[in-house]
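Here is the structure we will look at, set down as structure tokens.
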Amino acid sequence: MNASAEKAIRQDEAAPISHRVTLVEAVNLALAREMTNDESVVVLGEDIATNGGVFRATVGLKERFGYKRVMDTPLAENLIAGVTVGMATQGLKPVAEFQFMGFIYAGFEQIISHAARMRNRTRGRLHCPLVYRAPFGGGIHAPEHHSESTEALFAHIPGLRVVIPSSPQRAYGLLLAAIRNPDPVIFLEPKRIYRAVTQTVTDNGEALPLDTCFTLREGDDVTLISWGASIMETLQAADRLSEQGVSAEVIDVATISPLDRETLLCSVAKTGRAVIVHEACRNGGVGAEVAASIAEGAFLDLQAPVVRVTGYDTVMPYYRNEQHYLPQVEDIVAAVEQVIAL
Amino acid sequence: MNASAEKAIRQDEAAPISHRVTLVEAVNLALAREMTNDESVVVLGEDIATNGGVFRATVGLKERFGYKRVMDTPLAENLIAGVTVGMATQGLKPVAEFQFMGFIYAGFEQIISHAARMRNRTRGRLHCPLVYRAPFGGGIHAPEHHSESTEALFAHIPGLRVVIPSSPQRAYGLLLAAIRNPDPVIFLEPKRIYRAVTQTVTDNGEALPLDTCFTLREGDDVTLISWGASIMETLQAADRLSEQGVSAEVIDVATISPLDRETLLCSVAKTGRAVIVHEACRNGGVGAEVAASIAEGAFLDLQAPVVRVTGYDTVMPYYRNEQHYLPQVEDIVAAVEQVIAL
Amino acid sequence: MKNRYEFTMDYVRYLDDAGDPLDELPALAADAGRLIDAYRNMVLARTLDQKIIALQRTGKCGTYPSVLGHEVIGTAIGQCMDRHDVFAPYYRDQATQLLRGVPMVNMLLYWGGDERGSAGWELCPQDLPISVPIATQCCHAVGIAAAMRIRDEQRAVVVTLGDGATSKGDFLESVNLAGAWHLPVVFVVANNQWAISTPRGLQTGSETIAQKAISGGLPGHIVDGNDYFAVSEAMEHALDRAHGGKGATVIEAVTYRLGDHTTADDATRYRSADELRSAWDRDGIKRLQSYLHHAGHWDAAREKDLQAHCRDKVEKAVHVYLEKAPEPPAAMVDYLFESLPSSLAGQRERLARKVEGGVS
Amino acid sequence: MKNRYEFTMDYVRYLDDAGDPLDELPALAADAGRLIDAYRNMVLARTLDQKIIALQRTGKCGTYPSVLGHEVIGTAIGQCMDRHDVFAPYYRDQATQLLRGVPMVNMLLYWGGDERGSAGWELCPQDLPISVPIATQCCHAVGIAAAMRIRDEQRAVVVTLGDGATSKGDFLESVNLAGAWHLPVVFVVANNQWAISTPRGLQTGSETIAQKAISGGLPGHIVDGNDYFAVSEAMEHALDRAHGGKGATVIEAVTYRLGDHTTADDATRYRSADELRSAWDRDGIKRLQSYLHHAGHWDAAREKDLQAHCRDKVEKAVHVYLEKAPEPPAAMVDYLFESLPSSLAGQRERLARKVEGGVS
Ligand SMILES: Cc1ncc(C[n+]2csc(CCOP(=O)(O)OP(=O)(O)O)c2C)c(N)n1
Ligand SMILES: Cc1ncc(C[n+]2csc(CCOP(=O)(O)OP(=O)(O)O)c2C)c(N)n1
Ligand SMILES: [Mg+2]
Ligand SMILES: [Mg+2]
């Protein structure tokens, strides 16, 4: 168990303590916080109990909350997805971990056909207050299938919320919100930045809203829109641009679906230009929806086409070439230069 | 067995015969044709052999080609998807039917993680010349889960082709092309128009290209872009508009992925306006990619925002209300009026 | 050096095809009231079934899967379950749902293409709605059973599925979890010999369906699904185990699908009239009726009353169903999330206008 | 009325932990050359394994799953298979892949993050690449076996998986299909007691893994996976059945994962040093070595030669591997489809420029 998680777990309940934590530690804090607040929260997945998860996100929870609320499951993602639905219909609030996003696909039928529809199907008689967590994205030199970023597949499914934090603070606040939300949430954790930065997080149980983008940096000349690990490169690009005298607004979409179009449109109304950055492949990515929404909703404001800086339309390469797949700071800067030139 | 399929199957191989057939009969013709041409083509799925498929698409094939090449499978879509991959790696050309698109989700892991990647993973040593067929879309008064149109989920997956015919002739030519294509193809059949019209199809074994949209009607004022069953309403809207003096070009995208952006951009360069029509829900639908591509690629040509006429961002309602979900001719006409007014 | 592992599994039936006992009957046979209630429910289920098929034929209902041949299994399940147990049905469980208290009007609405069919359910509010994607309900069932275990409740889950469904991972994975976690769940496989057109013999190479229990370390039982006594006894035993914290059970109830798969199917395409005729000889309703007659619990007058009573009940429900206006179109977005996301506000408005303006 | 169904399953081992026969050995024991070849392959596999772990520790290879404890199973499989059979491996099958003729350089490339690792394979061009998504290869295996049956070939498929993998639908569905279609396939479960941190006892409630075969109507066998004779005999028997058109078999080979799950894992977090120590006592390589010594087929000098030979072979392969330049970035789109779709032409150009311009 890492030190800060341990401290968090042993803490006196009364006084909210501030921690300098990484993103993955913030996930752990939020889980522990909400399991303390709410007895109906349970956690399940492969290797999440005794081992604390392969990324250590659930470390210490079994020791603290017992094996009945922190369950290692057999190796079957479809089962995990479906068991979670069953639990949720009975008023538990299960938080299931998929070890990597690349292994969630076996659970698609349960997620699409049941988790997302139980409330609608029963006209509210039963519903699914559940969270499916998964580390996602590339760049950690992992084997095949360990670098997926297919958030677009979930974003297209009515009845699901898709949430992606990109900082320790947002991981804490958004995960609390996701667990408390009475509907199913796909909570994708950008593992490339699991430990990239530490931030002070006050473990006060305060959730963040699930229906709004976060404006990380204000600017006038162009709106940079991103989410997940790519936020890092996007912010760096904004720095770089500012040195060049270009003032970039940076928005972390964070709540990928339902999408907060207002914030995006307001920003573009101001800047007149938008560049979208995401790691997923371009064709049919969430960037397409964002671009289409802006192109439709801000048609008269746009001074240049909305440009997407994304992964290539191919399978994420094995690790020797993965950096060539991922959008780089230079790619973002180049795209901005292109739209500014127009 | 229906009469024309029977005739087709009994025909003298030498002389290509023309048939007036429905879309589903054209599927049957293409399957029989390619099974005759190529011994490595096999067909499998639930209830497809003895029963000829719940929509009768495979009727007569078992009688003609034998149970070894026409296989009823156990009830397990993940298995069907994976078995097909195995067969394809060994040089068979399997065509698997999913009884309804709503039941393909269990096969997602096999489709995404294997069918779409085998060639890339082995640098061409093995590949997957397979076709996954599924009837899709709503409007036939079917039970829950029988009205899905989630083509966007497949379109986002690199390594898959997604093909959707919208007439008997295109069903015949595109299915032949899909079977002959050395890579995996998701072939979605709009079941609402399975029997809506008949067309003369010459069973000459000629395939259609898999990399081009089909321009069904030329026009100058606006480009209507659609696919699948919605092509019917789109064509009717074009008629209606022509009465109002608006000349609409109608494009059937047909090859949803990889997407032929050239044809779309050329048309919009001419008309300056585009309306996209699809049955799937809007958020993250294929319409988003089409709209984003046009808004980026034809920025200077566009005289109005690209508008999408789509299903609602919700689960397809059970059948008493399904007509309220589906895009109607009036919706398309209204959208065109809106963009023309700008 | 060899060690041998052994597994056994019994097939049980009590009544012959004519309804005469082959063996001493289980204790529950002494309760005449229960037997009569069971018989009444079977007849009610069949009456409703025939009516829905008629409605479908006249365009007043959607595609519908008949319960014909499943009434005994469903009735035995419904009787054995406690009110606080949870039922996770598939789509041929009308007989159980009647006993659980799902109103007939709801069943009609459901098959009539109206989501409100699965709403309400005041008598069994935690029961799952019908699961259309085959076998997926098995995973929910073990999830619910796990929730009961987590909360230390003495409740159990019963999940039903068809023989075809046993080929799908959801069932097999769930059986495994039920064994690994020692869950209070009963899997009842209604083996009606067909999965649409696919016969039992093409579905699996296993001698029995029940033996699939062995893969998860669960006990399995095979019973004649047209034998009320055999099914009831197995259910009671399995539910006792579940309620007593002794774990899960798989029951294979062997029957025959006497109707087409659904009203959209034509079974004559793939199975013989002879096979169907001989299956009718084993019909479990007739069998229980004969038994009741012989045992002095039933007579022609009661039968006549019952038939009239069932017809009447069904007609009343059908009347309410047919009078029911469809939901307003905006309902399609109102239940997607607990509260409407702002991104859907515009779409909801358009839907709301649809009705007022009368646009399709 | 009761009918009883019975199923049995044997556990077999021939050598005790010290390598002394417990029983009369199977006929294959007479072939000293085969035994020595087997032993050599096991040592080679272990040598390669240790080297890759060392490369990983020094940043010259990616995350890697050790073969430690699986060498006997893999070697027996590789020896028993015909050249024209097809192997569908998981990620702990280095010992089999060496015998199939997968070049060591390819193995190194694969774990070194280079797709070319699964290319080429001239000696076994139809073998599947490693399947990372657990158990999915089982479906491919039955698909390949079905292709063989369709073409009336006398070939067979061997598919391997771990104990954890047996919980996943893919395995269970494939076992069912293998039974229903009578397919020439052998499922070998390397039951190494752990799935990452999840012990065998949490994975399933079944007494054995092999009994999962019963759910598909297949025969199952349990063998000591550190006993070369037991694994080889079971494999020969199962492959004979498959080649002879008699259908599929499930073999559970009981062993122990002597290393961490992968180089990214730390097994001390979840299992005891004692357990690990006692597992080493059952190590199958040492066991076969002792047997060979006692039988007069082996001595210290030969052992020394072998060790040197293996180190040398591995070093040569590592050298080639380390010299290999990465593929050009554009390779990432070149193998997606048979030919590049026009929609990807622009992206390919950008990738091609990346290298020339030296950008990132
Ligand atoms: C996942 C999935 N695949 C396919 C279907 C279509 N389908 C509906 S019922 C059925 C056959 C089910 O057979 P069985 O499990 O034996 O139940 P029965 O209908 O015989 O009672 C099929 C294939 C479905 N509903 N769900
Ligand atoms: C579908 C899927 N889920 C999860 C993983 C992550 N994972 C890799 S190996 C493993 C454990 C496998 O255990 P077992 O099958 O016993 O094989 P072993 O590694 O012990 O040889 C897990 C969970 C994966 N690769 N695929
Ligand atoms: Mg059945
Ligand atoms: Mg293992």
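Bear in mind the structure is a predicted one, so any value in this text is a computation, not a measurement. Every chain is numbered from 1 and lettered A, B, ... according to where its sequence line falls, protein lines coming before strand lines. Only heavy atoms go into these numbers, but all of them, side chains included; no hydrogens, no water, no symmetry mates.
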**Prompt:** Picking from C:P341, C:P133, C:G169, C:S342, which has the most non-hydrogen pairs under 4.5 angstrom with chain A?
**Reply:** C:P133
**Item:** Residues from residues 136-155 of chain C approaching chain A under 4.5 Å (heavy atoms)
**Value:** C:T136, C:C139, C:H140, C:V142, C:G143, C:I144, C:A146, C:A147, C:R149, C:I150, C:R151, C:D152, C:R155
**Prompt:** Which bit of A:I80 comes within less than 4.5 Å of chain C, counting heavy atoms only: side chain, backbone, both or neither?
**Reply:** neither
**Prompt:** Under a 4.5 Å heavy-atom cutoff, which of C:A180, C:G117, C:S339, C:S343 has the most pairs with chain A?
**Reply:** C:S343
**Fill in**
CG of A:L75 to CG of C:N176, rounded to nearest 0.5 Å, is 10.5 Å
**A:R125 to C:S118 - nearest heavy-atom pair and separation** = NE-O, 2.9 Å
**Prompt:** Quick one: what part of A:T73 sits under 4.5 Å from any heavy atom of chain C, side chain, backbone, both or neither?
**Reply:** both
**Asked** Would you say the side-chain atoms of C:Q126 pair up with the backbone N or O of A:T89, donor to acceptor, closer than 3.5 Å?
**Response** yes
**Asked** Within 45° of the six-membered ring axis of C:F337 and under 6.0 Å from that ring's centre, is NZ or CZ of A:R161 located there?
**Response** yes
**Message:** Quick check: do A:Q90 and C:V86 have side-chain heavy atoms less than 4.5 Å from each other?
**Reply:** yes
**Prompt:** Shortest non-hydrogen contact from C:Y335 to A:G124?
**Reply:** CD2-N, 4.0 Å
**Message:** Counting only non-hydrogen atoms closer than 4.5 Å, does A:L126 touch chain C with its backbone (N, CA, C, O), its side chain (CB onward), both, or neither?
**Reply:** side chain
**Asked** Heavy-atom distance under 4.5 Å to chain C: side chain of A:H127, backbone, both or neither?
**Response** neither
**Request:** Verify the neighbour count for atom NZ of C:K246: are there more than 12 heavy atoms of other residues, nucleotides or ligands below 6.0 Å?
**Result:** no
Got a list of side-chain donor-acceptor pairs under 3.5 Å for residues 293-300 of chain A, not counting sequence neighbours?
| unit_1 | atom_1 | unit_2 | atom_2 | d |
| --- | --- | --- | --- | --- |
| A:S293 | OG | A:R261 | NE | 2.8 |
| A:S293 | OG | A:E289 | O | 2.9 |
| A:S293 | OG | A:E289 | OE2 | 2.9 |

**Asked** If you count heavy-atom pairs under 4.5 Å between each of A:L210, A:V42, A:L160 and chain C, which one has the most?
**Response** A:L160
**Asked** Does the A:R121 side chain pair with the main chain of C:A119, one donor and one acceptor, at a distance under 3.5 Å?
**Response** no
**Asked** Checking A:N78 against chain C: side chain, backbone, both or neither under 4.5 Å from a heavy atom?
**Response** both
**Request:** Identify which of A:H114, A:R117, A:E262, A:E109 forms the greatest number of heavy-atom pairs closer than 4.5 Å to chain C.
**Result:** A:H114
**Asked** Between C:L128 and chain A, which part of the residue has a heavy atom less than 4.5 Å away: side chain, backbone, both or neither?
**Response** both
**Request:** For C:R116 and A:R123, indicate whether the former's side chain and the latter's backbone hold a donor-acceptor pair under 3.5 Å.
**Result:** no
**Check: A:D183 side chain, C:E338 main-chain N or O, donor-acceptor pair, under 3.5 Å** = yes
**Asked** Is it true that the side chains of C:D170 and A:Q110 contain a donor and an acceptor less than 3.5 Å apart?
**Response** yes
**Message:** Heavy-atom cut-off 4.5 Å, strictly under: side chain, backbone, both or neither for A:P182 against chain C?
**Reply:** side chain
**Request:** Compute whether any side-chain donor of one residue and acceptor of the other, for C:E115 and A:N120, lie under 3.5 angstrom apart.
**Result:** no
